Amino acid sequence: MNHYAITMPQLSDTMTEGVVVTWEKQAGDRVERGDIVATVETDKAIMDVEVFKAGYLAGPLADVGATIAVGAALGYITDTAGDVAIAAGEVVAEQAQTEMIPHHAGTPVVMPQLSDTMTEGVVVTWEKQPGDAIKRGDIVATVETDKAIMDVEVFQDGFLSGPIADIGSVVEVGHPMGFIVDDAAKANDTGVTISADHKVKDLHKVAPHAADKPAHIPMPKAAPVQISAEGTLPPVARPSGRQASPYARKVAAQLGVNLTGLAGTGPSGVIVAADVARARPSMQEVAHSLPQVDVPGQGRKMTSMEKAVSHAMAASLTLPTFNVTMNIDIAALTAAAKANKVSVTVAIAKACSVAMAKFPRMNWAYQPVDKLVERANHDFGVAVMSNDGGLVVPILHGIEKKPLDALQSDWTGLVERARARKLAPAEYSNPTFTISNMGMLGVSHFTAIPTPGISAILAIAANGPQGTPFTITGDHRVLNGADVALYLATLKQTIEAPEAWLGAAGAVAAEAVAGKAATISAPISPIPEGNWDFPVVVVGGGPGGEDCARDLADHGVKVMMVNNEPFPGGECLWRGCIPSKAWRAAADVIRNRAHDAEMGVDGTNTPRLNWEQVEKHRRWVQSSRGEMALKADKGMKIDVREGYGEFVDAHTLKITPVEGQPYQVTFGAAVIATGAPAFVPPIPGARENLANGGVATSDTIWNLATPPKKLGIVGGGVIGVEMAQIFRDFGTEVLMLERHERILAEVEEEIAKSLIASLEKEITVVTSAAIKEVSGTPGAMKLRYANKDGVESVFDCDVVLMATGKRPDTSRLNLDKVGVELDGAAIKVDARCQTSAPHIYAVGDVIGGYMLAHTAATQGRVAANNLLGHTSEYDQDKDCGVTFSRPQAGFVGLSVAQAKAKGIDAVEAKMPMSIDAKAMITGETEGMIKLVADKATGRIIGVHYLADHTDTLIGIGVMMVAGEMTLTQVAKAIFPHPTQTELFGELARRLLNRLRRTAKK
Ligand SMILES: Cc1cc2nc3c(=O)[nH]c(=O)nc-3n(C[C@H](O)[C@H](O)[C@H](O)COP(=O)(O)OP(=O)(O)OC[C@H]3O[C@@H](n4cnc5c(N)ncnc54)[C@H](O)[C@@H]3O)c2cc1C
């Protein structure tokens, strides 16, 4: 049984006691980390007492109104449920960690932890003053960390309120720097001076221009010790003849500390957690614990950055290092870099990564105690001189998987920000290997110092008569001399023969350097060699299969495409994109007439649907495109077969044609592109009524003889919404039922919200609905459902459309015979669309993800490219989609929420269509366009639409995101007037201005 004392915290230098004002929890109550258990009045204010220990509150509790000395117990936390008080004389192992924050001060704006090593930060500016209104996403302050000056962004609307930490205050990570209140009247305009040991020294009114007068605040004596007893390791044994608290033993197990011989500072010499933490000190403590030699003169305090470098360098003395040097001729790589239009630094970093693929140990790190972190990600720090003369080490991330041009584009932005010391934390934290190139400064030889967290650092000196000296300093706990020597030998080969990994440009450069004519080697195809009927078979003739087969045939590969329909085109042409948009086109004509009178054209407001003609036109588009596709496929020498394909073994496919006998063909490689049919959940009556047509899916809705008068739609996804509006425009009464809380779950939140508001004006939408039963006969169907309150209703309709999603069905493909694994219902693939069987690829709806025609086609081309021997990957972050609603919704790339989930610091700007001149002219003012950019690089990573003509406007977003354009490029582009495209330039300029305004001085 363990007891922990909750003591009266010392809030300021002058505070010696406090008065208990309230208990917020009662003895016996469960207490979690971060709970407020009491409020106390100090000489400054009423403060909440927050505890950082879970357990149960136990007495004796100090009486309300009692004056308690700083450090004395207010009450206890015990880890046993049911105890309301601990007995007199019971051992109290430790103090429970507490924190005091001003009572009712509002939501704290805390010092963010911007890197793993950051324990405190210095307040540099307040961008807002107490009383100022604040919007979610505003930058309220900037802080200096051990690495750079960073923005502090808040995620709540309200008003800034004091006490705010003075400019220059050093505030611990996680501690309040200020507060946000919900009412301007509640905003308090006090400032607070914080003393060296993070305690409040002085409260005062905030001067009107406090930001211009930084107060001098002494630096802290020591950073707080960071300890954690999380994890599942059992506590270490008690040292013989000594006492150690259970928490200390648990922390010791986590940190690998031996308790024998450790001094205890608890009562009667008991070893407590802080003693254990001191045995595994931070970089700062290592630095400070070294013998210090007195130096004459009047020293100034180091800045946070200078301190961090000094501590890291001193902590590096804990690494047992050794050096190995090899001379490398970099002429060929330099020429190749030039030919590829990338910097030599980037080319060297890539070469280091290529060589490291063979020596992964170079990328590992020693982790205390006696552990190795085996990392596969090549995130290399590359030292850069900052504008103020210091060295900054930005990180090139993911070098192992990115091509040179992508690395160069990352590097260009990084260098710019590194020089200005404006790197984001992720851009300088946790490199896996480091490169320092001082060759340009003419040094003939040098070594660099690895710091804890990496095991090797590369120092590149100036080119000499024997080549360029590459010196690696390695951590002997991870690497031995031979490891590094072999790595350097491979690196030498990699750098001196870039054609082996850089392809054509490397070859050109290498040959040019050698003074010979260039020979470009062809890429090596992974299609297994053999006497196959077809080197590649493609199963499925939708957008995925067809684009793949065409690309392969175009490159001279003999390819067969089997499709169990008479014409190619798949769901897209026969049951999806094309027919639905043909219907939409007719519906658009009807809907657009509603604006004619506003435009000054009368007499067109009673359009009449000619269903026969609609269907004739739709079928004409479909059959014409089907015939065109088949002709093109055959013309390209694709061997198109009609029939159902299934695997017999790893290299044999059985084909069952519509007529005639099944037969088999052998193949080297295969691509599965069989799509995903509509999925109908097991709702009573739903599947049963499919055959008679009372229930339809997106596969069968095309059989309707006439538009229904009343249509029940189950499912509020994109397909359901498109169908709902089409039929509404055709005059149908529509009820949409959705089992989730909102419809259009896959659409960006704000866009979806606006679109839903429009939709609900036209159709009835019931969310959180439970569908009970579908019954009746075609033309007289009954859809029974309960709303979110459980109230049941029946909707009488002509037909029920189950728009309940699509799900791949691979049950008849015999995937087990070829070793292709599934991920749920979908086929599992990597970014190259390769399945778990290396010679089999899968693309399109059958692999899940975005189930869209252009996604399938792109993946088809990715698979083809890989089969041709070129490395190619599908990048979902650059994909796009349009919902053909009115107005149309669309997305390209990432939303802010998606970007943030990936660790990208993203910002967005939006503009309503109502301010656009062209939209006003045509009366198409509903909706908005949003631009999302990566704050660190200014690159546009997402564009989101709710607008008429999104299907055209989206092309601009696609080019911006695919081309990785920056806000500056788009801001400078000239868009024609009056067109809706002007909004893109406006948005880019607005976002740029906003970023400039919030940028640090
Ligand atoms: C109503 C509706 C509207 C849509 N609108 C759009 C839109 O506007 N934009 C958009 O991008 N996407 C849209 N889609 C989605 C789009 O249709 C699909 O994402 C796309 O067709 C998927 O292509 P795919 O090649 O993966 O599969 P599919 O197009 O499904 O093609 C698979 C083909 O393989 C055949 N096949 C299956 N199994 C076998 C086998 N064992 N042997 C031989 N052949 C086989 C099938 O018969 C089919 O011809 C819509 C879908 C629906 C239902």
Side-chain angles (χ1 to χ4, degrees), residues 537-549 560-585 618 626 629-630 640-647 653-658 662 670-679 696-702 713 715 717-724 726 801-815 826-827 829 833 842-861 863 879-885 888-891 950-951 954:
V537 295
V538 175
V539 187
E546 208 182 17
D547 268 51
C548 179
M560 183 196 83
M561 181 175 83
V562 56
N563 189 35
N564 66 341
E565 295 187 59
F567 289 94
E571 177 189 82
C572 169
L573 178 55
W574 300 105
R575 303 171 295 280
C577 327
I578 301 298
S580 62
K581 267 82 253 183
W583 278 358
R584 182 65 259 170
R618 159 173 87 78
L630 187 59
V640 183
R641 310 272 177 106
E642 189 185 348
Y644 190 85
E646 65 197 274
F647 293 101
L653 189 78
K654 177 178 153 193
I655 297 161
T656 308
V658 186
V671 180
I672 305 170
T674 48
F679 172 73
T697 66
S698 58
D699 289 338
T700 57
I701 189 89
W702 319 106
I713 300 183
V718 168
I719 292 177
V721 163
E722 286 189 10
M723 289 293 172
I726 288 169
L801 171 64
M802 297 299 293
T804 35
K806 282 151 48 68
R807 191 176 285 183
D809 175 9
T810 56
S811 55
R812 289 169 57 213
L813 288 176
N814 298 332
L815 295 183
I827 294 181
V829 292
C833 299
V843 302
D845 286 2
V846 77
I847 64 169
Y850 292 153
M851 291 200 187
L852 294 167
H854 49 270
T855 305
T858 304
Q859 291 164 345
R861 291 190 296 271
D879 207 344
C880 57
V882 175
T883 302
F884 288 79
S885 47
Q888 296 167 340
F891 75 92
T950 288
D951 55 352
I954 200 161

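Numbering of residues begins at 1 and proceeds along the displayed sequence. Worth saying up front: this structure is predicted, and the values here are computed from it rather than measured. Counting starts at 1 for both ligands and their atoms, in listed order.
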Atom pair CG/CZ of Asp547 and Arg861 - distance to nearest 0.5 Å | 5.0 Å
Value for NZ (Lys581) from CZ (Arg618), rounded to nearest 0.5 Å, stands at 13.0 Å
Qualifying residues under side chain to side chain contact (heavy atoms under 4.5 Å, CB included), relative to Asn564, sequence neighbours excluded | Tyr644
Indicate yes or no: at least one non-hydrogen side-chain atom of Leu813 is less than 4.5 angstrom from one of Ile672.
-> yes
When you measure from the side chain of Glu646 to the backbone N and O of Lys654, does any donor-acceptor pair fall under 3.5 Å?
-> no
Would you call Pro677 and Asp699 a side-chain contact if the rule is heavy atoms closer than 4.5 Å?
-> yes
N/O to N/O under 3.5 Å, ligand 1 against protein:
from     : atom 1 : to     : atom 2 : distance (Å)
ligand 1 : 5 (N)  : Lys581 : NZ     : 3.2
ligand 1 : 8 (O)  : Lys581 : NZ     : 2.7
ligand 1 : 11 (O) : Ala853 : N      : 2.8
ligand 1 : 11 (O) : His854 : ND1    : 3.4
ligand 1 : 12 (N) : Ala853 : N      : 3.3
ligand 1 : 17 (O) : Glu571 : OE1    : 2.8
ligand 1 : 17 (O) : Cys572 : N      : 3.4
ligand 1 : 19 (O) : Asp845 : OD1    : 2.9
ligand 1 : 19 (O) : Asp845 : OD2    : 3.2
ligand 1 : 19 (O) : Met851 : O      : 3.2
ligand 1 : 19 (O) : Leu852 : N      : 3.2
ligand 1 : 19 (O) : Ala853 : N      : 3.4
ligand 1 : 21 (O) : Cys572 : N      : 3.2
ligand 1 : 25 (O) : Pro543 : N      : 3.3
ligand 1 : 25 (O) : Gly544 : N      : 2.9
ligand 1 : 26 (O) : Asp845 : N      : 2.9
ligand 1 : 29 (O) : Glu571 : N      : 2.9
ligand 1 : 36 (N) : Asn564 : OD1    : 3.3
ligand 1 : 41 (N) : Gly645 : O      : 3.0
ligand 1 : 42 (N) : Gly645 : N      : 2.9
ligand 1 : 44 (N) : Asn564 : N      : 3.1
ligand 1 : 44 (N) : Asn564 : OD1    : 3.4
ligand 1 : 47 (O) : Asn564 : OD1    : 2.5
ligand 1 : 47 (O) : Glu565 : OE2    : 2.8
ligand 1 : 49 (O) : Asn563 : OD1    : 2.9
ligand 1 : 49 (O) : Glu565 : OE2    : 2.8

